[in-house]
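A short worksheet on the structure shown next.
Only heavy atoms go into these numbers, but all of them, side chains included; no hydrogens, no water, no symmetry mates. The shown structure was predicted, so the numbers you read here are calculated from the model rather than taken from an experiment.
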Protein chains: 2
Amino acid sequence: MREPSTLSEVAELPESDTDAKPPRRSRAESREQAINQIIDIATNEFVEKGLAGARIDEIAGKATKRKIYYYFEGKDELYRAVLARAYAQVRESEAEVDIESGNAAEALRRLIEHDVHYHARHPELVRLVMNENIHRAEHLKQIPTLPQGNRRVIEILQAILSRGEAEGLFRAGIDPVDLHLNLTALSFYNVSNQFTFAHNFGVDMTSDEAIARRAQQVGDIILAWVTKKD
Amino acid sequence: MREPSTLSEVAELPESDTDAKPPRRSRAESREQAINQIIDIATNEFVEKGLAGARIDEIAGKATKRKIYYYFEGKDELYRAVLARAYAQVRESEAEVDIESGNAAEALRRLIEHDVHYHARHPELVRLVMNENIHRAEHLKQIPTLPQGNRRVIEILQAILSRGEAEGLFRAGIDPVDLHLNLTALSFYNVSNQFTFAHNFGVDMTSDEAIARRAQQVGDIILAWVTKKD
DNA sequence: CATTTATGTAACGAACTAGTCCCTAACAAT
DNA sequence: ATTGTTAGGGACTAGTTCGTTACATAAATG
């Protein structure tokens, strides 16, 4: 066993895993934890101020700043890491939506509900995407892992559209990319533009009730559009 | 904007001019022209880089920089001026839409067409609004002239909705603010998010055909939603 | 002509900021 | 324990950015 060194050594038990404060974190664990912590903090800052507006010195105290340059090449790579994780989390959540049970209209409504709620509850994603668009997606383009995840959404929508058509519920000839565009536009805008809209029209769009109402309405709109009428 | 008025343009000479040596440029004219020129240049820069990303020294050469500090208090006031002019121009264009002729559905479609085209042809407005939302509308809130212009849009939509209901075309109970939200969301998103969307799904949304198609589709969607079915 | 207004050029310094250096602590292997 | 490696704390730096001033001068005004 080791002698407790005078400074910051607290009784450390090598094997017996009491959930004591300094559990022996392996290097890999510690590393991953540090990186995630940095991305957490950086997400807040980038989301708040954008890439150019964010200040490394405010993302972090002196200490964390040093870590940033230890684990990342610099501000830009950190920003890309923030972006990549946010997108990865969206994809993850999308994979969990049930698009099997019920008829196609019900499945589509579930997807819409999910979209509206996800955007409303994850304004940080919305803001990051806005930021990317202000920068003409130049950072997004440097992240190689994204394209396939996006194709999946289209496949899902295509499947629902085909099923709905087969069930005699939906019109034919609806482009799944159009559907995705409209669906996302209606879920995205009221988060992305909440501040100007709230100011200009004096409405709140952030309450649970407002979000639930929004999800309902977006469902109504999209379904009115795709539904076969006769 | 006014006449270019290089030389020999008469500004105002009602009384005290015998043989009228034409003044070259009046102070007021020159001033207005200088301000507009600065706002032109600044709009480009802010639209491209955002408020924090924009660099005064790049907005202007040394000369124009001097003018900026002559006519504006600084970067922030210049930014507000850019914002205010962009909004003023939207309002101006909205006032020109014909919402009288034809039935309510036709009037609404004309309004939608206008919205889609205006957003598509004025990405600088879209970008400024995005920027404002990233900054939680803090600069917009400092511009006092906006609220009434926005109320006008709602009044217009309310008028169309009432007329449509009276004509037996539209459902009752549609909130004009909701209508505006949905309408704008569908016109705004495909401009605001064109870069991420184009990258993720490989589509172009900027061609004249794409815009015309978009206008048509947004019209279809909104009308499907508000139309009374029976 | 004299005065005021506008503008071109340059320079400056204070404040910031991204990124780096040096050194120590924690951990791992021997 | 000794030694080497990984991680990180604190201060520093080199380079920008911004706002401002000084100065000259041109143009409009009276």
query: Is the CD atom of Glu32(A) crowded by more than 12 outside heavy atoms at less than 6.0 Å?
result: no

Contacts of type salt bridge (charged side-chain N to carboxylate O under 4.0 Å, His left out), residue Glu58(A), not counting sequence neighbours: Lys49(A)

- request: Tell me whether the OP1 or OP2 atom of dG8(D) has a side-chain N or O from Tyr71(A) closer than 4.0 Å.
  value: yes

task: Quickly work out the Ile38(B) CD1 to dA6(C) C1' distance and round it to whole Å.
output: 11 Å

message: Minimum heavy-atom separation for Leu186(A) and Ala185(B), please, with both atom names.
response: CD2-CB, 4.1 Å

task: Look at the side-chain N and O atoms of Thr64(A) and state whether any lies under 4.0 Å from the OP1 or OP2 oxygen of dG9(D).
output: no

- prompt: Which is it for Thr196(B) and Asn133(A) under the side-chain hydrogen bond (donor to acceptor under 3.5 Å, both in side chains) test, yes or no, and what are the steps along the way?
  reply: CA-CA 6 Å; Thr196(B) 53; Asn133(A) 278 289; 2.9 Å; yes

message: Expressed as a whole number of angstroms, how long is the span from Leu78(B):CG to dG19(D):P?
response: 10 Å

query: Hey, is the side chain of Tyr70(B) poking within less than 4.0 Å of OP1 or OP2 on dT7(C), counting only N and O atoms?
result: no

message: Tell me the interatomic distance from Ile35(B), atom CD1, to dT5(C), atom P, rounded to whole angstroms.
response: 15 Å

- prompt: Please walk me through it: do Tyr189(A) and Phe188(B) pass ring-ring contact (aromatic ring centres under 6.0 Å, His included)?
  reply: CA-CA 8 Å; Tyr189(A) 182 88; Phe188(B) 192 95; 5.4 Å; yes

task: Spell out protein contact along nucleotides 14-23 of chain C as letters: B when the base is contacted, S when just the sugar-phosphate is, - when no protein heavy atom is under 4.0 Å; keep the 5' to 3' order.
output: ---SBBBBB-

- prompt: Does a side-chain N-to-carboxylate-O contact under 4.0 Å join Arg110(B) and Asp115(B)?
  reply: no

Secondary structure string for DNA chain C (Watson-Crick or G-U under 3.5 angstrom, | for other-strand pairs): ||||||||||||||||||||||||||||||

query: Taking atom CD1 of Ile56(A) and atom CG of Leu78(A), what is their separation to the nearest 0.5 Å?
result: 6.0 Å

query: Is the shortest side-chain N to carboxylate O distance from Asp40(B) to Arg85(B) below 4.0 Å?
result: yes

- request: Select base, sugar-phosphate, or nothing to describe what Phe72(B) touches, counting heavy atoms under 4.0 Å on all strands.
  value: nothing

- prompt: Atom CD of Glu45(B) to atom C1' of dC18(D): distance rounded to whole Å?
  reply: 14 Å

Spacing of Arg31(A) atom CZ relative to dA28(C) atom P, expressed in whole Å: 14 Å

message: Please determine whether a side-chain nitrogen or oxygen atom of Lys67(B) lies at a distance below 4.0 Å from atom OP1 or OP2 of dG8(C).
response: yes

- request: Would you kindly give the NZ-to-C1' distance between Lys62(B) and dC12(C), to the nearest whole Å?
  value: 11 Å

task: Run the salt-bridge test on Asp208(B) and Arg121(B) with the 4.0 Å N-O cut-off and return the result as yes or no.
output: no

